[in-house]
Amino acid sequence: MTTPEMLIDILSRSRERFDRAFDGVTVEQANTQPTPDLAPRIDSLTWLAWHTARELDTQVAPLAGIEPVWITGGHRERFALALPDDTEDWHHTPEQAALVRVDDLTVLTDYLDAAYALIRGYLAGLTTASLDDVVDRAWDPPVTRASRLASIIDDAAQHSGQAVYSHRLLGLEG
């Protein structure tokens with residue numbers, strides 16, 4: 001197994017966790033912050049999945065030299081969020097996170113699928129040697145492609161695990 005193939009395998013596990021987290025969930029449950037009074041930073045399944053798709057999309061698209069699928073795939077229009085398009089979702093307050101809602105779960109899963117397809121395709125085209133390329137000199141030390149991808153994949157793993165936890169806090173099986 002090559003390093004890019006291993007990264008695809010690791011990444012695929014987070015997508016599978018999202019499938020488990022959404023299994024048997026209604027739109028209302030997906031949009032619900034499970035413990036808003038006790039722990040308002042435990043976000044809804046919708047926000048966690050949307051945020052993960054956004055972070056995959058907005059970080060991989062520049063590496064690939066393309067426009068984000070948020071724009072090219074019409075996801076911005078399908079979501080029609082009451083948030084600015086350049087929202088820095090990693091800084092969302094609980095109130096802002098609660099604005100990320102869907103009326104149909106396929107809007108959410110379609111964007112997740114598109115973002116995961118983007119990164120899988122990108123990873124499949126890499127060579128092991130290209131992982132050492134510097135992709136961001138704004139940091140000290142400069143960020144390599146491998147380091148950026150590790151961060152992206154780790155974030156997806158973290159949020160898919162949080163989605164499973166949120167699913168359980170809603171009192172759902174699984």
Side-chain angles (χ1 to χ4, degrees), residues 1-34 41-79 81 87 89-90 92 97 100-128 130-131 135 145-170 172-174:
M1 177 181 284
T2 66
T3 301
E5 289 170 338
M6 180 186 66
L7 294 173
I8 291 169
D9 183 57
I10 294 166
L11 180 73
S12 296
R13 294 168 193 221
S14 66
R15 182 63 185 93
E16 291 166 6
R17 269 190 300 280
F18 275 114
D19 285 340
R20 286 196 308 272
F22 279 94
D23 187 38
V25 171
T26 67
V27 171
E28 181 181 343
Q29 290 166 327
N31 289 328
T32 298
Q33 290 172 290
R41 278 306 350 180
I42 297 178
D43 293 303
S44 70
L45 292 169
T46 298
W47 187 90
L48 289 164
W50 172 80
H51 167 70
T52 300
R54 286 284 285 178
E55 69 94 12
L56 292 172
D57 190 15
T58 60
Q59 293 190 72
V60 174
L63 291 174
I66 61 172
E67 287 288 318
V69 296
W70 175 252
I71 296 166
T72 62
H75 301 285
R76 171 178 48 192
E77 292 78 16
R78 290 182 71 198
F79 275 85
L81 298 176
T87 185
D89 41 300
W90 55 90
H92 276 173
V100 179
R101 303 178 61 78
V102 293
D103 294 327
D104 178 351
L105 290 179
T106 60
V107 170
L108 190 58
T109 57
D110 286 353
Y111 186 38
L112 265 177
D113 289 342
Y116 273 88
L118 170 65
I119 189 170
R120 279 193 305 272
Y122 178 75
L123 290 170
L126 294 179
T127 63
T128 301
S130 69
L131 295 172
V135 297
R145 188 179 322 275
S147 179
R148 176 66 46 84
L149 290 168
S151 175
I152 293 167
I153 292 168
D154 179 59
D155 198 53
Q158 174 185 334
H159 291 308
S160 65
Q162 289 171 327
V164 170
Y165 184 65
S166 287
H167 176 101
R168 291 176 181 158
L169 286 174
L170 289 168
L172 301 170
E173 294 291 322

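Note that the coordinates shown come from a computational prediction; the quantities given were computed from them, not determined experimentally.
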Flag side-chain contact, heavy atom, 4.5 Å: [X] against [Y]:
X	Y	answer
Ser12	Arg120	yes
Phe18	Thr109	no
Tyr111	Arg78	no
Leu7	Leu126	no
Leu11	Arg15	no
Tyr165	Ile42	yes

Look up atom [atom1] in [X] and atom [atom2] in [Y], then write down how far apart they are to the nearest 0.5 Å.
X	Y	atom1	atom2	answer
Tyr122	Leu56	OH	CG	13.0 Å
Trp47	Gln162	CH2	CD	7.5 Å
Ser160	Gln158	OG	CD	9.0 Å
Thr46	Leu105	OG1	CG	6.5 Å
Ile153	Gln59	CD1	CD	11.0 Å
Leu149	Thr3	CG	OG1	11.5 Å

What closest approach, in Å, do [X] and [Y] show between heavy atoms, and which atom pair accounts for it?
X	Y	answer
Ala114	His75	CB-NE2, 3.7 Å
Phe22	Leu45	CZ-O, 3.5 Å
Leu81	Val100	CD2-CA, 3.9 Å
Thr72	Val69	OG1-CA, 3.3 Å

Exercise for review: Give the intermediate values and the outcome of side chain to side chain contact (heavy atoms under 4.5 Å, CB included) for residues Asp155 and His51.
Suggested key: CA-CA 10 Å; Asp155 198 53; His51 167 70; 3.6 Å; yes
Review point. Between the main-chain N or O of Ala156 and the side-chain N or O of Thr52, is there a donor-acceptor pair closer than 3.5 Å?
Key: no
Review point. Is the backbone N or O of Pro68 less than 3.5 Å from a side-chain atom of Asp57, with the two atoms forming a donor-acceptor pair by type?
Key: no
Point to revise | side-chain hydrogen bond (donor to acceptor under 3.5 Å, both in side chains) involving Gln33 - partner list, sequence neighbours excluded | key: none
Revision key, fill the gap. The ring-ring contact (aromatic ring centres under 6.0 Å, His included) partners of His167 (sequence neighbours excluded) come to none
Point to revise | Exceeds 12 heavy-atom contacts within 6.0 angstrom, atom CD of Glu28 | key: no
Exercise for review: Please say whether more than 12 non-hydrogen atoms of neighbouring residues, nucleotides or ligands are located less than 6.0 Å from CG in Asp103.
Suggested key: no
Practice item. Using a strict 4.0 Å threshold on nitrogen-to-oxygen distance, state whether Asp43 and Arg41 make a salt bridge. Key: yes
Check your understanding: Just checking, is any N or O donor in the side chain of Ser44 or Asn31 under 3.5 Å from an acceptor N or O on the other one?
Key -> no
